[in-house]
Amino acid sequence: MNILLLGLGGREHALAWKLAQSPLCDKLWAAPGNPGIAQDAECVALDATDHDAVIAFAREKEIGLVVIGPEAPLVDGLADSLRAAGIDAFGPSKQAAQLEGSKGFTKELCKRANIPTARYERCTSLEAAWGALKKFDPPFVLKADGLAAGKGVVIADTREEAQNALNEMFDGKFGSAGSEVVIEQFLTGEEASFFALTDGTAILPIGTAQDHKRVGEGDTGPNTGGMGAYSPAPVLSEALQAQVMREIVEPTVQTLREEGMPYSGVLYAGLMLTTDGPQLIEYNARFGDPECQVLMMRLESDLVELMQACARGTLGEVAAPVLSDDFALTVVMAAEGYPGTPKKGGTIHLGEAEARGAKVFHAGTKLDGDTLTSSGGRVLNVTARGASATEAQANAYAAVDAIDFADGFCRRDIGQREVRRERG
Ligand code: AMP
Ligand code: GLY
């Protein structure tokens, strides 16, 4: 089968790497891809917002499965357009992708399906939002309703800060994403991510992970898309995972199906492990980036078979994904300036980074002639495995140290919490 993968980041490089390993994959195309993805796929320039162009390409190249990596094309209904054209797509419909595209949608669903999540208020005007603030105590959690490239959440320590943030949101700081705002109760606990594949009926867990959202060591500084991740997340014990399936993921999939908007693809649940049990912080309608990189590093099953079964509604006939018993850990190398304006064009020499089983996924790279250079904020995802988090961390940083990227930086403490736990 020929496969088309849409996207250009480290997540898509990890997916391309895994898809290309499948005996079911004849030819892999990626649009637009990147120089790393080009090692596993043929890259083409295709505009994912032009649904007709994607359909025409898929027909011409006899594509049997389109894998949609990022959230924007999902929320934009690309999966619906492909399905209407008779082309199998991995990823939810526009309606179901509202789980990521609208915080308010997800909150209302949680209410209908009795899913544990923070108490909240949906506000469509600044006046209403200022009023609703009175029902909460600091710290205040304010969320722009729509997609805001991971930047739409503000945690404000004081009422004044919260009011200022609300002013900015309704003033268009996050564009139309902020025309509606959700205010919610602050939850305390440890955060962890749980991933499941579903075809709308059957659900198969595909691993757990934890990421590091802040740019600085010790979880300091501004939020980023993620500076590193590891899998598994042992804080999500077998018992907690069963509870997450029972109380959060299953009722979500069931309710969406019953309401006529079945969800298919990967469901990424961001969780807070509170003393009252796991609570849903957010859903994403795609794999996490860089969480996907560590999941793919551990996945032993055939990714094509799993994704095709999600797309075709036959997941119930497929064996559950098998992940290796060891740890995988990825360190993001970012360009100076990230998460502000990153310095682009810095040269990169990967050297012997992959010599001892590590894998360098490309996130923001480009080729200038034969020279690899940086072209984005997050540039490389240096990923390694080990029998423990401690070993995976050592292997990943050994690979990082083999790379020459003068304009880049990384956190040196990815996985530290787990390493500390292992030390006891
Ligand atoms: P989100 O984009 O919804 O994942 O939010 C970004 C980050 O804000 C999360 O990863 C949490 O660290 C934090 N956050 C979101 N909602 C809450 C909440 N209700 N209580 C505490 N922290 C939260
Ligand atoms: N790493 C967080 C995300 O992909 O949303």
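Read the numbers this way: they start at 1 and go in the same order the structure lists the ligands and their atoms. The chain is numbered in sequence order, starting from 1. Computed over heavy atoms, backbone and side chain alike; hydrogens, waters and symmetry mates excluded. Bear in mind that the values here come from a model prediction, so they are computed numbers and not experimental data.
Within ligand 2, the atoms closer than 4.0 Å to a non-hydrogen atom of Glu291 are 1 (N), 2 (C), 4 (O), numbered from 1 in the order shown. Remark: ligand 2 atoms within the under-4.0 Å shell around heavy atoms of Gly288 are 4 (O). Residue-ligand proximity, Asp211 to ligand 2, at heavy-atom distances under 4.0 Å covers atoms 1 (N), 2 (C). For ligand 1, the atoms lying closer than 4.0 Å to a non-hydrogen atom of Phe186 are 20 (N), 21 (C), 22 (N). Taking a cut-off of under 4.0 Å to the non-hydrogen atoms of Glu184, the atoms of ligand 1 that pass are 16 (N), 17 (C), 18 (C), 19 (N). Here is the list of ligand 1 atoms found below 4.0 Å of a heavy atom in Lys143: 3 (O), 15 (C), 16 (N). Of all the atoms in ligand 1, the ones that sit under 4.0 Å from a non-hydrogen atom of Met272 are 21 (C), 22 (N). Ligand-side atoms of ligand 2 in range of Tyr268: 2 (C), 3 (C), 4 (O), 5 (O), range being under 4.0 angstrom from any heavy atom. Near Gly225, the atoms of ligand 2 lying under 4.0 angstrom from a non-hydrogen atom of the residue are 1 (N), 2 (C). Distances below 4.0 Å separate heavy atoms of Lys213 from the following atoms of ligand 1: 10 (O).
Considering all non-hydrogen atoms of both residues, Leu28 and Ala16 come closest at CD2-O, 3.6 Å.
Using a 30° and 60° split on the angle between ring planes, Phe361 and His13 fall in the perpendicular class, above 60°.
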- [ ] Apply the test salt bridge (Lys or Arg N to Asp or Glu O under 4.0 Å) to residues Glu184 and Lys103: give CA-CA distance (whole Å), side-chain angles for both, the deciding distance (0.1 Å), then the verdict.
- [x] CA-CA 11 Å; Glu184 64 180 49; Lys103 309 259 187 215; over 6 Å; no
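Side-chain atoms of His362 never come within 3.5 Å of backbone atoms of Ile37 as a donor-acceptor pair (strictly under, hydrogens ignored). Panel note: side chain Thr383, backbone Asn381; a donor-acceptor pair is recorded below 3.5 Å. Distance alone, capped at 3.5 Å, is enough to place a donor-acceptor pair between the Arg378 side chain and the Gly226 backbone. The main-chain N or O of Ala202 is found under 3.5 Å from a side-chain atom of Asp199 such that the two form a donor-acceptor pair. With Glu291 contributing its side chain and Asp289 its backbone, the two residues share a donor-acceptor pair below 3.5 Å.
For ligand 2, the polar-atom distance check against Glu282 finds no nitrogen or oxygen pair separated by under 3.5 Å. By the 3.5 Å distance cut-off applied to N or O atoms, Lys213 is not counted among the residues near ligand 2. For ligand 1, the polar-atom distance check finds an N/O of Leu187 within less than 3.5 Å of one of the ligand's N/O atoms.
If you look at Asn223 next to ligand 1, there are no close heavy atoms at all, none under 4.0 Å. For Gln185, every heavy-atom contact with ligand 1 shorter than 4.0 Å involves the backbone, none the side chain.
The nearest non-hydrogen atom to atom 14 (N) of ligand 1, considering only Asp219, Leu271, Ile155, Asn284, comes from Ile155. Atom 12 (O) of ligand 1 has its nearest heavy-atom neighbour, among Gln279, Arg119, Lys103, Glu191, in Glu191.
Using a 4.0 Å heavy-atom cutoff, Gly226 is absent from the residues neighbouring ligand 2. Remark: distances from the non-hydrogen atoms of Thr188 to ligand 1 are all 4.0 Å or more. Using a 4.0 angstrom heavy-atom cutoff, Arg286 counts as in contact with ligand 2.
The number of heavy-atom neighbours closer than 6.0 Å to CD of Glu160, taken from other residues, nucleotides and ligands shown, is 12 or below.
Residues Leu295 and Phe195 have side chains in contact (heavy-atom distance under 4.5 Å, counting atoms from C-beta outward).
Considering CD of Glu161 and CG of Leu166, their distance stands at 11.5 Å, rounded to 0.5 Å.
When Arg214, Arg411, Lys213 are each tested for a side chain to side chain donor-acceptor pair (under 3.5 Å) with Asp219, only one passes: Arg411.
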